[in-house]
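One structure below.
Here the structure is a predicted model, which is why all the values come from computation and not from measurement. Letters A, B, ... mirror the listed sequences (proteins, then strands); counts begin at 1.
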Number of protein chains: 2
Amino acid sequence: MNISDAAQDSGLPAKTIRYYEEIGLVHPGRLANGYRDYSDQDLHKLRFLQRSRGLGFSIEDCRTLLSLYEDHNRASADVRQIAKAHLDDIDRKIAELKSLQTTLRHLVHQCHGDDRPDCPIIEDLAGPSA
Amino acid sequence: MNISDAAQDSGLPAKTIRYYEEIGLVHPGRLANGYRDYSDQDLHKLRFLQRSRGLGFSIEDCRTLLSLYEDHNRASADVRQIAKAHLDDIDRKIAELKSLQTTLRHLVHQCHGDDRPDCPIIEDLAGPSA
DNA sequence: CTTGACCTTCCTGTCGCTGGAAACTTTATG
DNA sequence: CATAAAGTTTCCAGCGACAGGAAGGTCAAG
């Protein structure tokens, strides 16, 4: 199977699939003409990567997860630990964003937003008016 | 005032301040020895940038906000629009992250996480087991 | 035989810095 | 006064995870 079909099948852009090969995540064979040739196993890997990336795992996490995926003697604890760390990361990011959201919501709410120059947003950004 | 004092005062690393000059956000004067010399106005701008970046505005947004900050004939509507767009962006990001959070939380919860290989997380990443 | 759709590699750009090297000046210490 | 340490300058490289595009080879259809 050539790269555009693999792209279709996995939901990843061809560019991304080539990049994944470059960084050693997949190792498709080559046809006589130099074209990449994706096996069923390669396709499984690509789909796995598409799903993992879709859940926000870093490429390095994906690399580890992929090796665990292929290791039938894996310990589920290893998988869980990676997922848990990622979840904690997401929790932190949400907390940060919520804090920004609260601040910005207040500022946007307070600004009348007309053609006059006085603006609580600018005042806040300018710093403590003290 | 030299760069490390400006860094101290603004809360920005010296490297970042130099970078901001390189991309045209600040234009400090120079002393005879070639050292940068930050005026009060420069310091105001740096503090403004520190606060704006801290609220997650992009550099380009900061550039616009800075020009509005300095334009005493600005329309607050222009400021508000930028802040509102950024807020909408944050709302979207929070929604995305919450969706990932829900999925990951379920998966992490379902995985026993011991030394056995069977793992709902890996199964989910491998795709519809259908 | 030509057209157009593939495929290949290689290089550049994204965003917002951060780290480091090499060379200068200034300040502090012996 | 000499030297060492600290501060400054410029420039160049790298991060993550690709995306865009150029130049060229290959293949299937009409």
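For B:Tyr20, there are no ring-ring contact (aromatic ring centres under 6.0 Å, His included) partners at least two apart in sequence or on another chain. For B:Arg116, the salt bridge (charged side-chain N to carboxylate O under 4.0 Å, His left out) partners at least two apart in sequence or on another chain are B:Asp114. B:Arg51 pairs by the side chain to side chain contact (heavy atoms under 4.5 Å, CB included) definition with A:Asp124, A:Leu125, not counting sequence neighbours. In this view, B:Asp9 and B:Arg47 satisfy the salt bridge (charged side-chain N to carboxylate O under 4.0 Å, His left out) rule, not counting sequence neighbours. Annotation: salt bridge (charged side-chain N to carboxylate O under 4.0 Å, His left out) contacts of A:Asp88 (sequence neighbours excluded): A:Lys84. Qualifying salt bridge (charged side-chain N to carboxylate O under 4.0 Å, His left out) partners for A:Glu96, counting only residues two or more places apart in sequence or in other chains: none.
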Tabulate atom names and distances for all N/O pairs under 3.5 angstrom spanning the protein and nucleotides 6-10 of chain D.
unit_1	atom_1	unit_2	atom_2	d
D:dG7	N2	B:Tyr35	OH	2.9
D:dT8	OP1	B:Asn2	OD1	3.3
D:dT8	OP1	B:Asn2	ND2	3.1
D:dT8	OP1	B:Ser4	N	3.1
D:dT8	OP1	B:Ser4	OG	2.9
D:dT8	OP2	B:Ser4	OG	3.3
D:dT9	OP1	B:Arg36	N	2.7
D:dT9	OP1	B:Arg36	NH1	3.0
D:dT9	OP2	B:Arg18	NE	3.1
D:dT9	OP2	B:Arg18	NH2	3.1
D:dT9	OP2	B:Arg36	NH1	3.2
D:dT9	O5'	B:Arg36	NH1	3.3
D:dT9	O3'	B:Arg30	NH1	3.4
D:dT10	OP1	B:Arg30	NH1	3.3
D:dT10	OP1	B:Arg30	NH2	3.3
D:dT10	OP2	B:Arg36	NH1	3.1
D:dT10	OP2	B:Arg36	NH2	2.6

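The stretch residues 48-67 of chain B comes close to DNA chain C through B:Arg53, B:Ser58, B:Ile59, each having a heavy atom under 4.0 Å from the strand. Across residues 81-104 of chain A, not one residue has a non-hydrogen atom less than 4.0 Å from an atom of DNA chain D.
Residue pairs meeting the ring pair (Phe, Tyr, Trp, His ring centres under 6.0 Å) criterion with at least one member in residues 97-126 of chain A: none, sequence neighbours excluded. Identified under the ring pair (Phe, Tyr, Trp, His ring centres under 6.0 Å) test for residues 47-103 of chain A, with sequence neighbours left out: A:Phe48-A:Tyr69, A:Phe57-A:His86.
For DNA chain C, the contact window with chain B, defined by any atom under 4.0 Å from a protein heavy atom, covers C:dG16 to C:dT26 in 5' to 3' order.
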